[in-house]
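What's counted below: heavy atoms across the whole structure, side chains too, no hydrogens, waters or symmetry copies. Read the numbers this way: they start at 1 and go in the same order the structure lists the ligands and their atoms.
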Amino acid sequence: MRITILTGAGISAESGLATFRASDGLWENHRIEDVATSEGFTKDPTLVHAFYNMRRKAALDAVPNAAHLALMRLEGHHDVTLVTQNVDDLHERAGSRDVIHMHGALNRALCAACGHDWPAPIVMTPEDLCPACRQPTTRPDIVWFGEMPYHLERIWQALEESELFVAIGTSGNVYPAAGFAQHAGRRGATCLELNLDSSMNADDFDRQILGPASETVPRWVGDLC
Ligand code: APR
């Protein structure tokens with residue numbers, strides 16, 4: 001079966017990584033405009049690098065949980081397109097091979113001047129030079145608010161060809177990802193939500209399974225493999 005999966009911060013929560021909109025979430029302790037926009041980066045690159053250095057270190061210290069591992073198992077039995085909004089590499093470290101990071105990745109760096117990208121050092125600073133153009137214009141390779149997510153053409157294509165669309169651990173707050181269920185459903189896919197709480201776009205799903213991902217995802221995968 002052709003399945004497209006979208007994961008959000010909730011799948012990494014039980015690996016110890018903060019989500020965004022929970023009461024203790026990242027956006028409760030940092031202003032989005034300060035740390036997740038290109039304007040914020042221009043204004044204070046040191047603050048923005050410090051925010052992503054903290055998240056990069058947390059991601060390195062985290063380990064994949066049973067939900068990440070279950071999705072890797074699913075890939076061995078079905079034609080799975082795995083799209084993540086997450087910037088950690090827990091899917092890869094669980095063994096998933098072709099993960100589509102639509103919001104970028106903490107372990108990648110990008111040059112704001114020439115567009116070159118390369119493996120990010122654990123700690124980035126505004127003084128770092130781009131390996132290609134040697135300018136001090138390096139930034140985290142993260143898609144900030146107001147910027148175009150990566151790989152959208154490939155994602156829309158997968159949504160249109162899938163029999164099943166599954167959203168895991170995402171609140172449905174941010175487009176275009178929050179529109180994926182409607183897009184897939186209009187083309188005949190069944191849409192399933194696995195979440196701890198109901199998302200903002202719960203009405204776009206045919207079925208919902210609520211609970212922690214480390215329990216709901218392995219159980220759901222077990223029914224398919
Ligand atoms: N198991 C399953 N789901 C969980 C768990 C868990 N253990 N813990 C939390 N969740 C769910 C919450 O109920 C919520 O629906 O994960 C979701 C997290 O929502 P957000 O914090 O909004 O994260 P996400 O949906 O990934 O945000 C999308 O917004 O800020 C931008 O770029 C950022 O990629 C991010 C995007």
Side-chain angles (χ1 to χ4, degrees), residues 5-41 48 51-52 54-56 58-59 62-71 82-91 94 99-108 110 139-152 155 165-182 191-205 207-221:
I5 294 175
L6 171 71
T7 61
I11 199 169
S12 298
E14 290 163 90
S15 294
L17 296 184
T19 61
F20 293 93
R21 295 170 180 86
S23 53
D24 58 348
L26 287 168
W27 298 148
E28 292 305 311
N29 303 308
H30 304 81
R31 283 161 30 101
I32 286 176
E33 49 273 32
D34 292 343
V35 295
T37 63
S38 54
E39 296 78 10
F41 182 66
V48 174
F51 177 66
Y52 289 96
M54 171 272 289
R55 294 185 63 195
R56 193 172 297 110
V63 293
N65 64 56
H68 298 102
L69 294 166
L71 293 186
L82 178 55
V83 182
T84 187
Q85 300 171 95
N86 299 341
V87 292
D88 62 61
D89 62 346
L90 294 179
H91 283 303
V99 184
I100 300 175
H101 282 271
M102 64 180 291
H103 289 168
L106 286 167
N107 59 13
R108 301 294 299 177
L110 180 68
R139 56 171 277 185
D141 191 3
I142 300 288
V143 177
W144 284 327
F145 285 87
E147 297 181 332
M148 183 61 74
Y150 290 145
H151 312 299
L152 285 180
I155 296 168
F165 170 71
V166 187
I168 302 174
T170 180
S171 64
N173 266 289
V174 175
Y175 286 81
F180 288 175
Q182 201 172 66
C191 297
L192 168 64
E193 175 178 38
L194 302 178
N195 211 340
L196 190 63
D197 315 297
S198 244
S199 63
M200 299 280 281
N201 57 341
D203 293 346
D204 295 341
F205 293 89
R207 192 174 160 226
Q208 193 182 57
I209 301 174
L210 295 182
S214 66
E215 293 169 18
T216 59
V217 179
R219 196 175 312 130
W220 168 68
V221 167

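- Sorted by chain then number, the residues whose non-hydrogen atoms approach ligand 1 to under 4.0 Å are Gly8, Ala9, Gly10, Ala13, Glu14, Thr19, Phe20, Arg21, Trp27, Gln85, His103, Phe145, Gly169, Thr170, Ser171, Val174, Asn195, Leu196, Asp197, Gly211, Pro212, Ala213.
- Side chain of Thr37 to main chain of Gly40: a donor-acceptor pair is present (N/O by atom type, distance under 3.5 Å, no hydrogens or angles).
- Taking CZ from Phe51 and CD1 from Ile142, the interatomic distance works out to 9.0 Å, rounded to the nearest 0.5 Å.
- By the side chain to side chain donor-acceptor pair (under 3.5 Å) test, Asn107 is found to be paired with no residue, residues two or more places apart in sequence or in another chain being considered.
- With sequence neighbours left out, the ring-ring contact (aromatic ring centres under 6.0 Å, His included) criterion links Phe180 to Trp156.
- In terms of the side-chain contact (heavy atoms from CB on, under 4.5 Å) criterion, residue partners of Ala178 (sequence neighbours excluded) are, by chain and number, Tyr175, Asn201.
- The backbone N or O of Val35 sits less than 3.5 Å from a side-chain atom of Tyr52, completing a donor-acceptor pair.
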